[in-house]
Number of protein chains: 2
Amino acid sequence: MFVQQPIAILDSGVGGLTVAREVMRQLPRERIVYFGDTARAPYGPRDPEEVTRFTREIVDYLIQFRPKMIVIACNTATAFALEDIRARVNIPVVGVIKPGARAAIGRTLTGCIGVIGTEGTINSGAYEDALREISPHVHVISEACPLFVPLVEKGNFRSFETYEAIRRSIGHLRKFPMDSLILGCTHYPFLAEVIQEVIGPNINLISSAEETAREVSTILQDQERMSRGEVLPVHQFFCSGDPKLFKSIAQQWLGEQIELTPVVWQVPKIG
Amino acid sequence: MFVQQPIAILDSGVGGLTVAREVMRQLPRERIVYFGDTARAPYGPRDPEEVTRFTREIVDYLIQFRPKMIVIACNTATAFALEDIRARVNIPVVGVIKPGARAAIGRTLTGCIGVIGTEGTINSGAYEDALREISPHVHVISEACPLFVPLVEKGNFRSFETYEAIRRSIGHLRKFPMDSLILGCTHYPFLAEVIQEVIGPNINLISSAEETAREVSTILQDQERMSRGEVLPVHQFFCSGDPKLFKSIAQQWLGEQIELTPVVWQVPKIG
């Protein structure tokens, strides 16, 4: 019997679910194995060695499912561990930083690109490096937004408090001639509506999650590894922390993408 | 001395210049070798065997430049010869159909996608096949627009005649619930403004040229073949027909992308 190889998606916790959701939407034939390291989240304040070690542990766990690709759906883990993991496995490894950077370069006309993310991601300079690696002349405006992740995790997507936090964090970016703003954190797509209201209607918001799923599709097709399955795939979700909380957030975030799809939930020992 | 390997871009004529322009814009470090088969254009009315033979001849010519990738920047040649060329060379080969299809799947919310192209492209069903291969449930509305290429080649981008031709060709598509329209011909980006006026402001226009350049970038980076050059690349342009006419159209279409960049123009023997 032909066993369809899955796409492995890993994250420090729940943020990477936005990437999983986009992979389900854009590649409905593909099976997903997701690991959220909720017991050790967030990775943002941890040092690079620790993040790399945690990422290796998750990859070692997920590799038993014989994935055809690994997606590091966490900005911090992408910044610190992507190259390490690429060197350790012989399947494609995709992070969330370069897809967002590439999409912004594709869409900008002014050449001025904004990036918002956690303090860890912004301080690492990973988006600026990725943008300049491809296109040396782009002008990059970065802003750390430490208030945003807690708002999303509380499910506080559209309140007055959210609007005010976003206005105070990024309202001043309106004075720059940027025409594209990268949502450089997997949690941020939930705040996209309010971010668009604050930053103005003429700015392209670039979702790392959406763009990463797109690149997963491109690379799978280039390598002729795309699934041709005609039946609904059974996705598997694992977490290292409280499974009830994880399942409840995942069901809410994945929404209609898992309404018709069978899903398996598990809590393995890891680390 | 390290010689930077170029990206080879080929087309039946001038249409593929929109792809070259986007590759220059999105990947300014990359060197391009372009071949436009202007003496034998258009490919649209030719049979698949002939198109495949012509495409092979151009690839055999371009391979002397040791390209790191081949881009078939022509919808007809992509539809008929992509798989043949992929089997003949050991470098990545990218066409213009799957990138446009994938971008539309990424952007659509209604799941209803429009495609416009030449009669050859629309009749081949290549976009429908590419869309359904990735996402089996999308609804596709296709319309052949044989009047558009002559308008572009006359430089007639915004006249009343152009508006009327576009309105008569695609005005009726407004009745469908589509939210994304693929410009499935490399000439059409020049008509994008009028197409948007006719089809309405809420439809995403998907440019195959822009999306193909984006996938070229994704695949080069995945394969670690992206140029890190710090000097302006010298592009080379070849055509099989009248070099004066080709150069004049190319200079106009490539516009600011070649203002600062050295370019070499040549007419080789082929076929």
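By convention in this document, chain letters (A, B, ...) are assigned in the order of the sequence lines, proteins followed by strands, and residues within each chain are numbered from 1. No experiment lies behind these values; they were computed from the predicted model shown.
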Participant: Would you find more than 12 non-hydrogen atoms of other residues, nucleotides or ligands less than 6.0 Å from E193(B) atom CD?
Facilitator: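 Check fails, neighbour count at 12 or below.
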
Participant: Is chain B contacted by the side chain of E30(A), its backbone, both, or neither, given a heavy-atom distance below 4.5 Å?
Facilitator: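 The answer is neither part of E30(A).
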
Participant: Looking at L27(B), I134(B), I105(B), V138(B), which makes the most heavy-atom pairs under 4.5 Å with chain A?
Facilitator: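 Winner by heavy-atom pair count: I134(B).
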
Participant: Sub-4.5 Å heavy-atom contacts with chain A: which residues of residues 85-101 of chain B show up?
Facilitator: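 The stretch touches chain A at R86(B), P92(B), K98(B), P99(B).
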
Participant: State, to 0.1 Å, how close R29(B) and P136(A) come at their nearest heavy-atom pair, and which atoms those are.
Facilitator: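 Closest pair (atom of R29(B), atom of P136(A), distance): NH2-CB, 3.6 Å.
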
Participant: Heavy atoms only, distances under 4.5 angstrom: which of R25(B), E22(B), R107(B) has the most pairs with chain A? Name it, please.
Facilitator: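 Winner by heavy-atom pair count: R25(B).
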
Participant: Considering only heavy atoms, which portion of R102(A) lies under 4.5 Å from any heavy atom of chain B: side chain, backbone, both, or neither?
Facilitator: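 R102(A) touches chain B through backbone and side-chain heavy atoms alike.
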
Participant: If contact means a heavy atom pair closer than 4.5 Å, which residues of residues 195-225 of chain A contact chain B?
Facilitator: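 Listed by number: E210(A), E211(A), R214(A), E215(A), S217(A), T218(A), I219(A), Q221(A), D222(A), Q223(A), E224(A).
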
